[in-house]
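Computed from a predicted structure; not experimentally measured. These numbers come from the heavy atoms of this one structure, side chains and all, not from hydrogens, waters or symmetry mates. Indexing begins at 1, ligand by ligand and atom by atom, following the structure's order.
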Amino acid sequence: MKINKNKSALKVQAGVPQPEAINPNIHTLKRSVTRYPLNYYTEGILSGKRAVLSQAITLVESTLQSDQQLAQDIIEACLPYSGNSIRIGITGVPGVGKSTFIESLGLMQVEKYEKKLAVLAIDPSSARSKGSILGDKTRMEQLATHPNAFVRPSPSAGSLGGVAQKTRESIILCEAAGYDLIFVETVGVGQSETEVHSMVDFFLLLMLAGAGDELQGIKRGIMEMADAIIINKADGDNLLNAEIAKQAYANALHLFPLPPSGWEPKTAICSAITTAGLNEVWKMISDYLSFAKNHGYFEKKRKEQTVLTLKASIESKLHQLFFSNQGLKEMNVELEKHIISNQLSPYQAAEKLMRVFIENLQKKI
Ligand code: GDP
């Protein structure tokens with residue numbers, strides 16, 4: 001039997017043959033989805049019910065056209081209660097220790113400082129390969145079951161409005177549910193860092209000692225955005241190497257121009273496993289927040305981010321409007337063939353599609 005990988009619910013590592021789907025017709029079965037009235041979601045979220053928050057985020061991530069209005073209404077209702085958290089972006093290549101770091105730092109926050117922490121993940125791989133770097137392992141087990149934490153994996157692949165936009169909206173819902181600390185995790189290999197940077201207050205880059213930047217796949221642009229570079233796995237035999245790497249990154253950071261915040265990015269070492277250095281990392285974040293608040297930069301950046309949200313929201317709505325149109329979708333597939341066979345340039349194809357798109361819109365008005 002020929003196996004269609006996309007139709008199996010099982011994902012396996014590269015090099016392992018994909019097993020057959022137990023029910024090859026599983027993809028044709030429609031999941032029954034229950035939807036409730038708006039106040040069920042808003043009341044549930046505002047009273048801090050994790051299950052309702054989770055259902056609401058599922059709605060926000062939904063690709064169903066019929067869910068869009070309700071999702072929008074929930075976001076709108078939560079908006080007045082949002083904005084009161086500290087948002088921290090955490091990035092680094094797969095294997096650097098992001099989950100372990102978030103689990104350790106997160107547990108410290110919820111237990112020692114009685115914070116309510118939400119962890120949201122952006123996984124650029126899911127959109128491309130329909131597989132997930134972040135999702136295919138058990139992550140943050142202790143944090144995920146802690147009553148004061150909410151851990152939400154990446155939005156599903158192919159979200160209509162773009163994964164980053166969904167995360168931005170999920171942040172609003174988490175804040176309305178009383179989470180005063182939000183970690184946004186992303187894999188430091190793709191485009192998503194710029195977007196994460198545009199939705200957080202502090203952007204932290206995790207690195208390893210003993211591997212060059214290129215080896216770690218970290219682009220200079222990502223380093224330039226970081227408010228701190230933390231060398232993880234500074235334990236055992238690796239401690240000295242971590243110290244050396246820290247110094248090297250500190251030197252490299254000096255070569256970059258001072259960021260608009262006026263804060264000179266810092267470097268530190270830590271071990272997410274032993275938790276050594278995590279108090280210092282948190283102190284660094286707190287110092288930054290005091291600095292940014294005292295200089296008016298915190299508010300300024302939040303305002304700039306709101307304006308960026310407008311832009312992102314328009315882009316996302318246009319994208320949604322365009323690609324949810326069945327006729328345009330089919331035309332797109334046809335034109336792609338013409339592009340591949342050199343009958344048409346991509347610009348001409350885009351022109352044709354846009355013309356039909358605009359005609360459709362005009363008919364609706
Ligand atoms: P992620 O892919 O960036 O989320 O990385 P993980 O948190 O899954 O960690 C990848 C591997 O590195 C796991 O085997 C962890 O146990 C290990 N690891 C993470 N942090 C540390 C650390 O501080 N020290 C050591 N020695 N290993 C670590």
*Does the N or O separation between C270 and ligand 1 drop below 3.5 Å for any pair?*
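N/O-N/O distance under 3.5 Å: no.
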*For A272, is at least one N or O under 3.5 Å away from an N or O on ligand 1?*
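Between A272 and ligand 1, an N or O pair is found under 3.5 Å apart.
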*Going by atom types alone, do E330 and Q326 pair a side-chain donor with an acceptor below 3.5 Å?*
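Note: E330 and Q326 side chains meet the donor-acceptor criterion.
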*Any side-chain donor-acceptor pair under 3.5 Å between Q55 and Y40?*
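A donor-acceptor contact under 3.5 Å links the two side chains.
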For [atom], which of [options] has the closest heavy atom?
| atom | options | answer |
| --- | --- | --- |
| atom 15 (C) of ligand 1 | N238, T91, T100, I90 | T100 |
| atom 5 (O) of ligand 1 | G97, S99, A121, G236 | G97 |
| atom 16 (O) of ligand 1 | I273, I231, V96 | I273 |

*Using the side chain to side chain contact (heavy atoms under 4.5 Å, CB included) rule, pick out the option among T91, I90, V184 that qualifies with F203.*
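Exactly one pass, corresponding to T91.
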Please identify which atoms of ligand 1 are closer than 4.0 Å to at least one heavy atom of [X].
| X | value |
| --- | --- |
| V93 | 3 (O) |
| N232 | 20 (N), 21 (C), 23 (O) |
| P94 | 2 (O) |

*asked:* Side chain, backbone, both or neither: which applies to D235 and ligand 1 if a contact is any heavy-atom pair less than 4.0 Å apart?
replied: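 Looking at D235 and ligand 1, just side chain atoms fall under 4.0 Å.
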_Q69: which residues meet the side-chain hydrogen bond (donor to acceptor under 3.5 Å, both in side chains) condition with it, sequence neighbours left out?_
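Per chain and number, Q69 pairs via side-chain hydrogen bond (donor to acceptor under 3.5 Å, both in side chains) with D73.
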*Between CG of D227 and OH of Y288, what distance do you get to the nearest 0.5 Å?*
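Answer for the CG-OH pair, D227 versus Y288, is 4.5 Å.
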*With rounding to the nearest 0.5 Å, note down the distance linking CD in E111 to CG in L117.*
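It comes to 11.5 Å.
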*Return the orientation label for the W263 and F202 ring planes: parallel under 30°, perpendicular over 60°, tilted otherwise.*
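Perpendicular.
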